[in-house]
Amino acid sequence: MFGYVRPSDDRLTPADRETFRAAYCGLCHALGARYGLVGRMILNYDLTFLAMVLSDGAGEMCAKRCAVHPMRRRCCVAGDPALDAAADMSVILTYWQLRDGVADHGFWGGLKYRIASVLLRPAYRRARERRPRFDAGTQAHLAELAALERERCASLDAPADAFAKLLALAAEEVSDPVRRRVTAQLLYHLGRWVYLVDAADDLKKDVKSGSYNPLVYRFHAEGGTLTADDKAALAATLDSSVRAMAAAFELADFGPWRAIIESVLYEGLYAVGAAVLNGTFRKGHKRKQRKAGA
């Protein structure tokens, strides 16, 4: 995942914020228990959202200490299988994202990705053993995406669809068949949205480095910028994906996570998409993430 999936803090009540922090901390503990410190390093809001979407609310609230908060116990969710599933899939997704960075940036440019992937490789091998179908599906869809990149595909839909199908694989962790279909639709359109918003965010950088970006070919943005009409067209595409996510969301019961997921779908994604298109979005917000969680 890429750091774009965030709840709208203004929409959440204090109780909702506490629930979100508990999920964030719970995923951090799951990553740490299963993969050690290197697992905790990949924690972010996107992965917490994935865990909440997969969860049936089976976990329990508890209070734990950790290396970040050694003195005071923090409320966290424990015992939810969705946290373990999200932790495993997070490692797989991050590993292959790093390997993609190695392939895209040459020897020197890809050196940081190569080092990070080597550090993550033992964790990836354990995650692959635990989720072999997800890993195999991830590799298949990334190979499809790589073929489109080599062709310099000018379609927005084709590469976005490949990434969307990859993320929808996570829905296989949901046991109830009706909720599984709903979750697959939600994650599919989330994957499509993430791919396109990431392309918009990285447009200037990709033009400078020569990396593939479908917006260059779709909108003839060889200079690294989009016209007002181009931005309006892309915004409409992004918003259609958000509306599809919201429509799927309304078909299932997401229990204790409903208000948080709702804040992401009805405000958070719109706000991030607008910020990316107008050039004010900044990745990271590490200070805010530390305040929010683990």
Side-chain angles (χ1 to χ4, degrees), residues 1-5 27-28 30-51 84-150 159-160 162-170 187 190-206 208-214 281-286 289 294:
M1 306 288 270
F2 297 83
Y4 300 111
V5 184
L27 181 57
C28 184
L31 283 163
R34 295 169 83 78
Y35 301 107
L37 180 61
V38 70
R40 291 178 184 264
M41 297 299 291
I42 66 175
L43 176 70
N44 64 30
Y45 286 171
D46 294 18
L47 307 181
T48 306
F49 181 80
L50 176 62
D84 293 338
D88 297 342
M89 290 185 285
S90 299
V91 169
I92 291 168
L93 288 169
T94 303
Y95 178 79
W96 287 113
Q97 183 182 356
L98 290 170
R99 295 310 303 172
D100 185 59
V102 172
D104 284 349
H105 293 85
F107 180 80
W108 294 111
L111 191 58
K112 63 180 180 180
Y113 299 99
R114 186 175 287 105
I115 292 170
S117 67
V118 169
L119 293 175
L120 190 62
R121 188 176 297 157
Y124 161 69
R125 287 172 175 163
R126 292 198 296 275
R128 180 181 60 190
E129 291 175 0
R130 290 165 172 159
R131 312 284 168 183
R133 290 180 61 186
F134 183 78
D135 180 63
T138 296
Q139 292 190 58
H141 290 308
L142 287 178
E144 179 185 355
L145 184 56
L148 293 168
E149 292 176 352
R150 287 193 297 271
F163 188 79
K165 288 187 292 187
L166 184 164
L167 194 57
L169 291 172
L187 291 177
L190 178 64
R192 186 178 186 279
W193 183 91
V194 166
Y195 182 85
L196 293 176
V197 84
D198 183 63
D201 196 25
D202 287 349
L203 180 57
K204 288 184 179 179
K205 182 179 70 174
D206 288 341
K208 184 176 180 180
S209 67
S211 298
Y212 170 77
N213 189 309
F281 180 78
R282 296 293 178 268
K283 285 185 180 179
H285 294 271
K286 294 180 180 178
Q289 287 198 8

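The analysis underlying the following values was restricted to heavy atoms, covering all of them including side chains, and did not include hydrogens, waters or symmetry mates.
Between Phe281 and Tyr4, the distance from one ring center to the other falls under 6.0 angstrom.
Heavy-atom minimum distance, Leu187 versus Ala168: CB-CA, 4.0 Å. Closest of all the heavy-atom pairs between Val38 and Ala123 is CG1-CB, 4.2 Å. Closest non-hydrogen pair, Ala85 versus Arg131, comes out as CA-NH2, 3.4 Å.
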Under the side chain to side chain contact (heavy atoms under 4.5 Å, CB included) rule, what do His141 and Leu169 come out as? Steps first, then yes or no, please.
CA-CA 10 Å; His141 290 308; Leu169 291 172; 3.8 Å; yes
Does Phe163 form a side chain to side chain contact (heavy atoms under 4.5 Å, CB included) with Asp198? I'd like the steps, not just the answer.
CA-CA 12 Å; Phe163 188 79; Asp198 183 63; over 6 Å; no
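Looking at residues two or more places apart in sequence or on another chain, you find no ring pair (Phe, Tyr, Trp, His ring centres under 6.0 Å) involving Tyr35. With sequence neighbours left out, Tyr195 forms a ring pair (Phe, Tyr, Trp, His ring centres under 6.0 Å) with no residue at all. With sequence neighbours excluded, the residues satisfying salt bridge (Lys or Arg N to Asp or Glu O under 4.0 Å) with Arg133 are Glu172.
Gln139 contributes atom CD, which lies 8.0 Å from atom CZ of Arg128 (distance to the nearest 0.5 angstrom). Atom CG of Leu93 and atom CD1 of Ile42 lie 8.5 Å apart (nearest 0.5 Å). Residue Ser211 holds its OG atom at 11.5 Å from CG of Leu203, rounded to the nearest 0.5 Å. Atom CZ in Arg282 sits 8.5 Å away from atom CG in Asp201 (nearest 0.5 Å). How far CZ of Arg125 is from CG of Leu120: 11.0 Å, rounded to the nearest 0.5 Å. Between the CE atom in Met41 and the CG atom in Leu31 there is a gap of 12.0 Å [rounded to 0.5 Å].
Of the options Leu43, Leu50, Asn44, Thr48, a side chain to side chain contact (heavy atoms under 4.5 Å, CB included) to Asp46 is made by Asn44 and by none of the others.
Side-chain atoms of Asp206 do not come within 3.5 Å of backbone N or O of Asn213 as any donor-acceptor pair. Looking at Ser117, its side chain does come within 3.5 Å of a backbone N or O of Arg114 through a donor-acceptor pair. A donor-acceptor contact shorter than 3.5 Å is absent between the side chain of Asp88 and the backbone of Ala127.
Side-chain contact between Tyr124 and Thr94: absent, with no pair of heavy atoms (C-beta onward) separated by less than 4.5 Å. The side-chain heavy atoms of Leu27 and Leu47, taken from C-beta on, include a pair separated by under 4.5 Å. Annotation: side chain of Tyr95 is not in contact with side chain of Asp135 (no heavy-atom distance under 4.5 Å). By the 4.5 Å heavy-atom criterion applied to side chains, Lys165 and Arg192 are not counted as neighbours.
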